[in-house]
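To start, the structure itself, in structure tokens.
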Amino acid sequence: MKPNSIVFTSKNGNTQKYAYMLGEQISLPVYSLEQAYSKLSDGCPIIYLGWIHASHVKGYSKAAKHFTVRAVLGVGLCDTGTLLDEVRSASSIPESITLFTLQGGFNRSKLKGMDKILISMLIKGLSSKKQLTPQDERMLKLLSKDECYVTAENLNGFLRWYKEQYT
């Protein structure tokens with residue numbers, strides 16, 4: 001059954017940006033998870049977008065309890081299309097549900113508590129390495145200043161899959 005809505009959970013706004021970009025691209029209404037509870041019926045087929053924290057797609061398990069999730073797009077710090085196995089495992093996303101990961105962005109001013117401490121430790125650890133890999137360099141650049149990597153191009157893999165499945 002073709003999804004009839006896009007549902008998202010966002011912390012810093014990057015996932016929300018992707019949700020609305022995607023809604024425009026495939027002509028589906030977009031709802032936050034909280035809005036979706038009152039706007040959509042239980043079991044409704046959806047595409048779910050959530051931000052990634054410690055390899056978990058936030059809000060996915062709540063969305064999956066109420067709706068029929070056809071695809072999950074996790075938005076995090078790492079490059080688009082990476083960490084699929086880790087995210088699938090940590091979030092308990094079944095193989096029957098298609099998973100995509102998208103690079104979002106970073107806003108240090110919104111960090112609090114343990115997240116702020118862990119990111120500071122990660123920056124310090126990366127900065128002290130004698131030789132950085134290209135991935136280390138990208139991560140250090142991302143964490144050292146506020147950047148938004150939300151682009152329509154990052155949605156291309158998902159859009160190809162969607163067109164193959166539903167058009």
Side-chain angles (χ1 to χ4, degrees), residues 1-107 110-111 113-115 118-119 122 135 138-139 142-143 148-167:
M1 186 184 296
K2 184 177 181 177
N4 64 13
S5 299
I6 295 168
V7 176
F8 72 91
T9 302
S10 187
K11 182 176 182 181
N12 294 324
N14 295 310
T15 306
Q16 182 177 0
K17 287 177 189 174
Y18 275 125
Y20 281 100
M21 285 169 48
L22 187 57
E24 190 174 301
Q25 289 278 334
I26 61 177
S27 301
L28 289 179
V30 177
Y31 304 105
S32 71
L33 183 56
E34 293 304 316
Q35 290 172 326
Y37 292 141
S38 62
K39 300 272 187 186
L40 304 174
S41 60
D42 278 359
C44 180
I46 65 163
I47 297 166
Y48 181 75
L49 286 81
W51 58 284
I52 297 172
H53 183 267
S55 296
H56 286 79
V57 177
K58 293 296 190 174
Y60 164 73
S61 60
K62 289 179 182 178
K65 287 178 186 172
H66 293 277
F67 308 110
T68 303
V69 178
R70 296 289 182 215
V72 174
L73 289 83
V75 179
L77 293 177
C78 293
D79 293 339
T80 294
T82 61
L83 300 178
L84 293 169
D85 292 336
E86 294 89 336
V87 170
R88 183 178 299 282
S89 176
S91 302
S92 300
I93 299 170
E95 291 292 332
S96 60
I97 297 176
T98 301
L99 171 66
F100 292 87
T101 57
L102 306 170
Q103 188 172 34
F106 191 65
N107 187 336
K110 293 189 177 185
L111 291 175
M114 188 55 92
D115 288 340
L118 291 173
I119 292 298
L122 181 58
Q135 186 174 3
R138 284 193 306 277
M139 185 59 70
L142 176 74
L143 297 174
C148 180
Y149 294 94
V150 175
T151 66
E153 182 181 318
N154 287 342
L155 290 170
N156 286 344
F158 174 82
L159 292 170
R160 280 190 298 276
W161 172 85
Y162 184 83
K163 288 176 184 174
E164 288 172 9
Q165 297 297 310
Y166 298 112
T167 57

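Numbering starts at 1 and runs along the sequence shown.
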_Gln165, CD: over 12 other non-hydrogen atoms inside 6.0 angstrom_ = yes
*Which atom pair, heavy atoms only, marks the closest approach of Lys62 to His66?*
O-CD2, 3.2 Å
Taking distance alone, no hydrogens or angles, what donor-acceptor pairs closer than 3.5 Å link side-chain atoms of residues 69-87 to residues at least two apart or in another chain?
| from | atom 1 | to | atom 2 | distance (Å) |
| --- | --- | --- | --- | --- |
| Arg70 | NE | Met1 | O | 2.9 |
| Asp79 | OD2 | Arg138 | NE | 3.1 |
| Asp79 | OD2 | Arg138 | NH2 | 2.8 |
| Thr80 | OG1 | Gln103 | N | 3.0 |
| Thr80 | OG1 | Asn154 | OD1 | 3.4 |
| Thr82 | OG1 | Asp79 | O | 2.6 |

*So, the side chain of Ser91 versus the backbone of Val57: is there a donor-acceptor pair under 3.5 Å, distance only?*
yes
*How are the rings of His53 and Trp51 set to each other: parallel, tilted or perpendicular (split at 30° and 60°)?*
perpendicular
*Residue Gln35 excluded, over 12 heavy atoms near CD under 6.0 Å*: yes
*Inter-residue atom distance Ile26.CD1 - Ile47.CD1, 0.5 Å rounding*: 3.5 Å
*asked:* Using 0.5 Å steps for rounding, measure from the OH atom of Tyr18 to the OG1 atom of Thr151.
replied: 5.0 Å
*asked:* Classify the ring geometry of Phe100 against Phe158: parallel below 30°, tilted from 30° to 60°, perpendicular beyond 60°.
replied: perpendicular
_Thr68 to Gly43 - nearest heavy-atom pair and separation_ = OG1-O, 2.8 Å
*asked:* Distance check, rounded to the nearest 0.5 Å: Leu159 atom CG versus Gln25 atom CD?
replied: 5.0 Å
*Does the side chain of Tyr60 pick up a donor-acceptor pair with the side chain of Ser92 at under 3.5 Å?*
no
*Of all heavy-atom pairs between Tyr166 and Pro3, which one has the smallest distance, and what is that distance?*
CZ-CD, 3.5 Å
*Considering all heavy atoms of both residues, which atom of Thr9 and which atom of Thr15 are nearest to each other, and what is their separation?*
O-CG2, 3.4 Å
*Side chains of Lys17 and Cys148: does their closest heavy-atom pair fall under 4.5 Å?*
yes
*Shortest non-hydrogen contact from Phe8 toward Ala19*: CD2-CB, 3.7 Å
*asked:* Could you report the tightest heavy-atom contact between Ala54 and Ala90, atom names first, then the distance?
replied: O-CB, 4.4 Å
*Taking side chain as C-beta onward, heavy atoms only, is Leu33 less than 4.5 Å from Phe67?*
yes
